[in-house]
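Below is one structure, written out as structure tokens; comments come after it.
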Amino acid sequence: MCTKVRSNSSKAAAEGVKEGSITVFLALSLTLLAAIFLSTVEAARTQGARTYFTLICNSGIDSLFSQYHLKLWEDYRLLGLEHYSDEQLCEEFKDFTAPYMTADNFYPLKQLSAEVAEKTLITDLEGEIFEDQVLDYMKYGIMVSVMDGSAMEALLDTVTDGASLFGLQESYMEHSVSAVRLEESLEAIDESLGYQDELFDSAYKAARRYDGSDFRKRLSDLRNELERIPKMVSDYRDAADKLGKELSNTKQRYDDEIRNGKLKESTAKSLLSEMEKYSSYVDEDGKRRLEVEKLPAEAEENIQLIDDMIAESEYIDDYISSYVYEDEFDPGPDLYSLWAPVRSMMASYNGLDLGLNKGIEDKEKESKLESISRLLDGDILDLLVPDGMMPKSDKLDLTEAPSSDCFSGYDHCRRNIPDRIYISEYMIQHLNYYGRGSFGDGEKAKGSGALELEYVLYGKESDRDNLYSAVMELLTLRSGLNLVHIFSDSEKRAQAHQLALTITGALGFTPIVGVMSFFIMSVWALGQAFADVKKLLSGGKVRLMHTRDTFELSLEGLLDMAGGTISESSDKDESGLCYRDYLRLFLVQRQGTKQDYRCMDMIQMALRKDQKDYLMKSCAGELTLRSTVNTGHIFTEALSFLGHETESSRYTMSAETSFAY
């Protein structure tokens with residue numbers, strides 16, 4: 001079949017028109033070819049539109065996250081997209097993508113919707129987002145390396161050892177005081193028995209004078225003293241039982257510390273040798289206790305005998321007062337014979353005796369040691385903080401703090417030691433702490449001005465309370481490590497033993513000397529700890545482990561501390577650790593979720609000085625947005641014989657885009 005187009009030849013020639021013809025098959029073929037070509041082009045354009053849409057979304061979210069909180073970055077090197085609602089994020093995202101949507105190109109798009117598919121705040125995931133940003137900055141930002149992990153682990157083992165030892169040391173100091181009280185209760189019994197002997201002697205003399213009134217008075221006093229014996233023995237028994245129970249509990253704690261690996265083997269052995277002195281004391285006291293327990297029954301027998309003697313003396317006096325003289329030559333009653341039964345009863349009286357010498361001879365020195373051990377119960381900041389350096393007691397402004405709003409309470413450490421060192425170093429660099437910039441160290445107080453690092457460690461509501469907690473932990477650590485040093489120094493051990501002999505008199509119960517010796521060493525270690533911490537708070541340095549040269553406190557100086565006067569160590573050794581270095585150890589040791597959120601508390605508090613409504617929980621660290629657009633098939637619309645869009649020519653596309661700092 002052929003379709004021809006004809007014209008008059010002469011007319012056509014005159015008009016310059018040439019003849020032409022096309023077959024129906026060729027027309028159909030061209031139509032099919034055009035359809036295939038345009039479909040292929042449209043398919044490519046559609047794929048291009050999807051790619052273009054993806055690029056728009058990526059560009060939009062990049063632009064959105066370029067609006068990070070500037071102050072947060074400048075001061076703390078943290079990136080966070082501050083916002084107040086998901087709707088705000090979506091609207092800002094639409095604003096950034098709008099120019100692309102309205103561009104005159106082959107990809108006409110019409111924004112339909114945008115929504116937040118997933119959002120992670122800096123305060124989410126138990127602080128993991130915060131830690132990741134800190135580590136990114138510290139590892140790849142300014143720090144090349146940190147302390148070797150194995151070296152830090154050895155230091156942390158020493159810190160754990162010292163802290164664990166102090167817990168046991170503190171318990172045994174209390175046990176020593178309990179042992180002293182036990183000795184005093186025995187002394188009270190012994191003094192009572194001595195007084196009873198004096199009263200009996202006075203009664204005996206009154207009987208020899210045939211003075212019934214004075215005799216009965218002395219016996220009544222003796223009876224009253226004997227009646228006190230059961231109560232005194234009961235008090236002794238209670239004190240002995242209490243000490244035995246306390247020692248048993250502490251021994252269990254010691255076993256737990258050994259089992260958990262918190263005490264080094266050398267330290268554990270030294271402590272065990274001292275603990276055995278307490279065991280000896282309890283064992284020997286058990287033997288004494290048998291003698292003490294007999295006293296109430298013996299006292300009861302003597303009371304019965306005294307009652308008989310008082311009754312007999314009253315009978316004698318009644319007989320004498322009612323005696324009738326026969327004549328003027330009557331010599332009167334035979335007093336010697338009348339008092340014979342009384343003398344016989346007095347001869348059968350067995351005085352109570354323990355054969356006990358005083359366990360504490362020098363009570364003044366012992367009392368001074370006790371008062372030093374009680375210094376921890378007082379306001380230690382007044383003793384140790386230099387003038388003008390005392391922090392305020394005002395409560396910190398923790399409005400909507402991340403630790404209260406975002407922290408679930410599950411505290412754990414997910415990082416290895418090198419990472420914990422990085423995170424701790426970040427906190428030291430960016431947070432304020434006691435003494436920063438005060439000792440000519442080139443540092444500068446930062447942030448909110450509060451003791452931020454101490455808050456991260458202890459979480460108290462005021463600077464004073466946080467510093468108190470830091471000082472207490474320093475005293476705990478220093479005291480434990482000082483005791484380790486004393487254990488290793490035979491000269492100091494000998495000095496402590498000699499003072500123990502002086503205090504106890506070395507005449508009575510021998511095991512009390514060992515107990516007193518350990519008590520002296522413990523208080524001595526605590527006294528040096530006070531001097532160490534005072535030096536740290538004054539900007540000085542103290543070695544983690546003392547040497548004989550750096551351990552300066554003598555026993556004479558220790559006893560002078562009883563008045564509450566703490567002398568700062570004069571040692572100028574610059575190889576030790578400063579206050580900040582000790583805080584670094586504490587941070588690395590316990591770094592975890594709780595510390596992360598407290599750090600965010602301090603960052604928020606600092607930024608709120610300039611931006612009153614700033615909240616860490618308003619800063620996003622990661623975001624996924626889902627966007628939907630409407631578009632059409634451009635060639636179908638452009639070549640449509642209808643001349644306008646049709647519903648079937650439009651369709652929607654969706655895309656998700658994510659960004660994380």
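Both backbone and side-chain heavy atoms feed into the values below; hydrogens, waters and symmetry mates do not.
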Where is the tightest heavy-atom contact between [X] and [Y], given as atom of each residue plus distance?
| X | Y | value |
| --- | --- | --- |
| Ile520 | Ala496 | CD1-O, 3.5 Å |
| Leu182 | Ala240 | CD1-N, 3.6 Å |
| Ser517 | Ala500 | N-CB, 3.6 Å |
| Ser313 | Val342 | N-CG2, 4.5 Å |
| Ser373 | Met173 | CB-SD, 4.2 Å |
| Leu305 | Ser348 | CD2-OG, 3.7 Å |

Any side-chain heavy-atom pair from [X] and [Y] closer than 4.5 angstrom?
| X | Y | answer |
| --- | --- | --- |
| Asp596 | Val456 | no |
| Arg436 | Ile428 | no |
| Lys368 | Leu558 | no |
| Leu431 | Cys599 | yes |
| Tyr434 | Leu583 | no |
| Lys269 | Leu272 | no |
| Phe215 | Trp339 | yes |
| Asp581 | Leu585 | no |

Does atom [atom1] of [X] have more than 12 heavy-atom neighbours from other groups under 6.0 Å away?
| X | atom1 | answer |
| --- | --- | --- |
| Arg208 | CZ | no |
| His497 | NE2 | no |
| Lys277 | NZ | yes |
| Tyr204 | OH | no |
| Glu461 | CD | no |

How long is the span from the [atom1] atom in [X] to the [atom2] atom in [Y], to the nearest 0.5 Å?
| X | Y | atom1 | atom2 | answer |
| --- | --- | --- | --- | --- |
| His485 | Trp524 | NE2 | CH2 | 8.0 Å |
| Leu499 | Asp362 | CG | CG | 8.0 Å |
| Leu376 | Ser479 | CG | OG | 7.5 Å |
| Met390 | Asp463 | CE | CG | 12.0 Å |
| Thr250 | Arg253 | OG1 | CZ | 6.0 Å |
| Met152 | Leu155 | CE | CG | 6.0 Å |

Should Glu183 and Arg288 be marked as a salt bridge (charged side-chain N to carboxylate O under 4.0 Å, His left out) after you check the CA-CA gap, both sets of side-chain angles, and the distance that decides it?
CA-CA 11 Å; Glu183 291 298 308; Arg288 285 194 307 180; 2.9 Å; yes

Report, one line per pair, each donor and acceptor closer than 3.5 Å where one atom sits in a side chain of residues 193-203; sequence neighbours left out.
{"residue": "Gln196", "atom": "NE2", "partner": "Ser192", "partner atom": "OG", "Å": "3.2"}
{"residue": "Ser202", "atom": "OG", "partner": "Glu198", "partner atom": "O", "Å": "3.1"}

Side chains of [X] and [Y]: do they bring a donor and an acceptor to under 3.5 Å?
| X | Y | answer |
| --- | --- | --- |
| Tyr582 | Glu473 | no |
| Asp161 | Thr267 | yes |
| Gln528 | Asp532 | yes |
| Ser171 | Glu246 | no |
| Ser424 | Gln591 | no |
| Ser403 | Asp601 | yes |
| Glu361 | Thr502 | no |
| Asn482 | Arg478 | yes |

Taking only Lys NZ, Arg NE, NH1 and NH2, and the carboxylate oxygens of Asp or Glu, determine whether [X] and [Y] approach each other closer than 4.0 Å.
| X | Y | value |
| --- | --- | --- |
| Asp379 | Arg464 | yes |
| Arg223 | Glu227 | yes |
| Arg289 | Asp241 | yes |
| Glu274 | Arg493 | yes |
| Glu293 | Arg237 | yes |
| Glu225 | Arg228 | yes |
| Arg548 | Glu491 | yes |
| Glu552 | Lys535 | no |
| Asp238 | Arg181 | no |
| Glu174 | Lys242 | no |
| Glu187 | Lys363 | yes |

For Gln589 and Thr160: C-alpha separation, side-chain torsions, deciding distance, then whether side-chain hydrogen bond (donor to acceptor under 3.5 Å, both in side chains) applies.
CA-CA 9 Å; Gln589 183 183 45; Thr160 301; 3.2 Å; yes

Evaluate salt bridge (charged side-chain N to carboxylate O under 4.0 Å, His left out) for Lys217 paired with Asp214, printing each intermediate quantity in order.
CA-CA 5 Å; Lys217 182 180 183 305; Asp214 189 46; 6.0 Å; no

Are the side chain of Asn432 and the backbone of Ala450 linked by a donor-acceptor contact shorter than 3.5 Å?
yes

side-chain contact (heavy atoms from CB on, under 4.5 Å) partner of Val471, the single match among Leu537, Leu536, Thr476, Leu383
Leu537

Tell me, which pairs form a ring pair (Phe, Tyr, Trp, His ring centres under 6.0 Å) where one or both residues lie in residues 158-180, sequence neighbours left out?
Tyr172-His175, Tyr172-Tyr278, Tyr172-Phe518

Are Gln252 and Asp256 close enough, and set up right, to give a side-chain hydrogen bond (donor to acceptor under 3.5 Å, both in side chains), and what steps lead you there?
CA-CA 6 Å; Gln252 182 61 51; Asp256 292 340; 3.2 Å; yes

Would Lys264 and Asp157 satisfy salt bridge (charged side-chain N to carboxylate O under 4.0 Å, His left out), going step by step from the backbone distance to the final call?
CA-CA 8 Å; Lys264 293 180 180 178; Asp157 287 343; over 6 Å; no

side-chain hydrogen bond (donor to acceptor under 3.5 Å, both in side chains), that's the test. Do Glu301 and Tyr349 meet it? Break it down for me.
CA-CA 9 Å; Glu301 292 178 2; Tyr349 180 90; over 6 Å; no

